[in-house]
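Report on the structure given below.
Indexing begins at 1, ligand by ligand and atom by atom, following the structure's order.
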Amino acid sequence: MNNYSEYLSLLKDAVHNLDEWRTLFGEVSDVVKKPHLQNSSIQKVLDDLTERLKNNYPFHHPQYAGQMLKPPHPAAWLAYSLAMTINPNNHALDGGPPTSEMEKDVVKQLAGMIGYDENHLGHLTSGGTVANLEALFVAREIYPEKAIAASANSHYTHSRMSHLLRTDFIEISVDHHGNPDLQFIEDNADKIGTLVVTMGTTGIGIVEPLADILKLAQKHGFRVHADAAYGGFFKLISANLPSKEQWDCLHECDSVVIDPHKHGLQPYGCGSIFFRDAAVGKYFKHNSPYTYFTSNDLHLGEISIECSRAGASAAALWATLQLLPLTPAGLGSVLQKTREAALTFAEQIMKEPGWQLYNTPDLDITGYFKEPASKKVSEISRLSRHIFNAGMNDKSSGFHLSLFNSDAAHFIKKFPEYSANENQVVLLRSVFMKEEHEQFIQELSNRIFSVNTD
Ligand SMILES: *Cc1c(COP(=O)(O)O)cnc(C)c1O
């Protein structure tokens, strides 16, 4: 999976084949003599680039369990590279007829995964931020006088985008387990136009109680938007998740965001947004003399805020889903492994003397910490930082984790033996989003546990 040069010959053949198609239109004037197009010039730049790229962290390796990062499926980068030589633009059908068709195809598959019927509206975006912006834009158009609400654990994009949209934002408080305060929602229900429910928080992957919130939405008449940017593809294996009940009602949400560039094995530049009711398309209506909507079919640019978008992204996702369809045995098998990695890691933490689990993972993200001798939260933070740095500084048998800030007041509700001598406590966090993590957990935990903190 990680040996990319192995796949290069496939790309060479495919590019060659497309070159033949290109020549069908006749010769293009000979520009190959230009210095910037000569192999030797490009080679030199690529050599420099290669050296520069080596300054990355090893995102491909299971010793990297830090942030939500991993290389795409080989089919995705091959398909992206191939389509990019044409560079179609999925803004309009005429900008790339085949890749627009592929986008409609993958949108249908994703909508099917959510459980939406034929009446949905959806498209790919350049990422989760724009996808959520579209959802909140529609939210504001439908309830211009009301607020957008999201929990304290929601992605910061929601409060920021509410600001951008000049709409009120209500932060819903959470308890020490990270659950949104349902009583607070009831008390503020008349002010809320749309409530954001996060299906896999960016911090530690909490799946918020969608089923209960949908009941409140019915009672009080507010809309529900599911931000499943991180967690969306876990729907494929939700039968095996403790949060099954929440996933079972995903299709009842008014809108859903899922990021294929997080758990869909895609290169960056691939988010998606879905609305349950296609009638919201009217809020995107625009009329411009310079776009090129030559047919009466749906143009993706008519239902999105963004204009130009890479057709190559649609090609990459389409190719990936040909190999790993949206089924438990297809792409779901990848998520099952990441989930098992997180559970096994959590078991290792619980077994290891002197270590504590902060959360039982809802998905594939685990929070934990090493117990200091003195029961002060500041000492936990110091140890977390020390271990985090030690892993990164060890080149041969190191590891890459991330740090996670928690409210100390919440922390001591879970761990009352500690004193909150600071407002925040820094914990360790591991994101196990690669299949390869499953086989590496024992080794990774050994490396982490063997850091000397004396
Ligand atoms: C990643 C993420 C976002 C932001 O999406 P980008 O693709 O990074 O723009 C929003 N919400 C959640 C829950 C996320 O995990």
Margin query: Distance check, rounded to the nearest 0.5 Å: I380 atom CD1 versus K370 atom NZ?
Written below: 12.5 Å
Check: Between R276 and D254, is there a side-chain N and carboxylate O pair less than 4.0 Å apart?
Finding: yes
Notebook entry, point to check: Could you walk me through whether H61 and F440 pass the ring-ring contact (aromatic ring centres under 6.0 Å, His included) check?
Noted result: CA-CA 10 Å; H61 196 278; F440 198 73; 5.4 Å; yes
Check: Which residue and non-hydrogen atom of the protein lie closest to atom 14 (C) of ligand 1, and at what distance in Å?
Finding: K262 NZ, 3.0 Å
Check: Backbone, side chain, both or neither: what part of V130 comes under 4.0 angstrom of ligand 1, heavy atoms only?
Finding: neither
Notebook entry, point to check: How far is atom 4 (C) of ligand 1 from its nearest protein heavy atom, and which residue and atom name does that atom have?
Noted result: H155 NE2, 3.6 Å
Check: Got a salt bridge between K54 and E51, using NZ or NE/NH1/NH2 to carboxylate O under 4.0 Å?
Finding: yes
Item checked: Which of the ligand 1 atoms, numbered from 1, are nearer than 4.0 Å to a heavy atom of N132 -> 10 (C), 11 (N)
Checklist line | Under 4.0 Å to a heavy atom of Y230 - the qualifying atoms of ligand 1, by number | finding: 15 (O)
Next item on the list: State whether a side-chain donor-acceptor pair under 3.5 Å links N240 with Q336.
Entry: yes
Notebook entry, point to check: Is there any N or O on T202 that sits under 3.5 Å from an N or O of ligand 1?
Noted result: yes
Next item on the list: May I ask you to decide whether R52 forms a salt bridge with D48, counting only side-chain N to carboxylate O separations under 4.0 Å?
Entry: no
Next item on the list: If you have a sec, work out which protein heavy atom is nearest atom 6 (P) of ligand 1 and how many Å separate them, to one decimal?
Entry: G128 N, 3.4 Å
Next item on the list: Note the single closest protein heavy atom to atom 9 (O) of ligand 1, along with its residue, its atom name and the distance in Å.
Entry: T129 OG1, 2.5 Å
Notebook entry, point to check: Are any of the N/O atoms in H261 less than 3.5 Å from those in ligand 1?
Noted result: yes
Note to self: Using a 4.0 Å cut-off to any heavy atom of G127, which atoms of ligand 1 qualify?
What the structure shows: 7 (O)
Note to self: Between E103 and R309, does any side-chain N to carboxylate O distance fall below 4.0 Å?
What the structure shows: yes
Check: Taking N or O atoms only and a 3.5 Å limit, does D227 qualify as a polar contact for ligand 1?
Finding: yes
Check: Is the closest side-chain donor-acceptor distance between Q266 and H73 under 3.5 Å?
Finding: no
Notebook entry, point to check: Which one holds for D259 and ligand 1: side chain close, backbone close, both close, or neither close, with close meaning a heavy atom under 4.0 Å?
Noted result: side chain
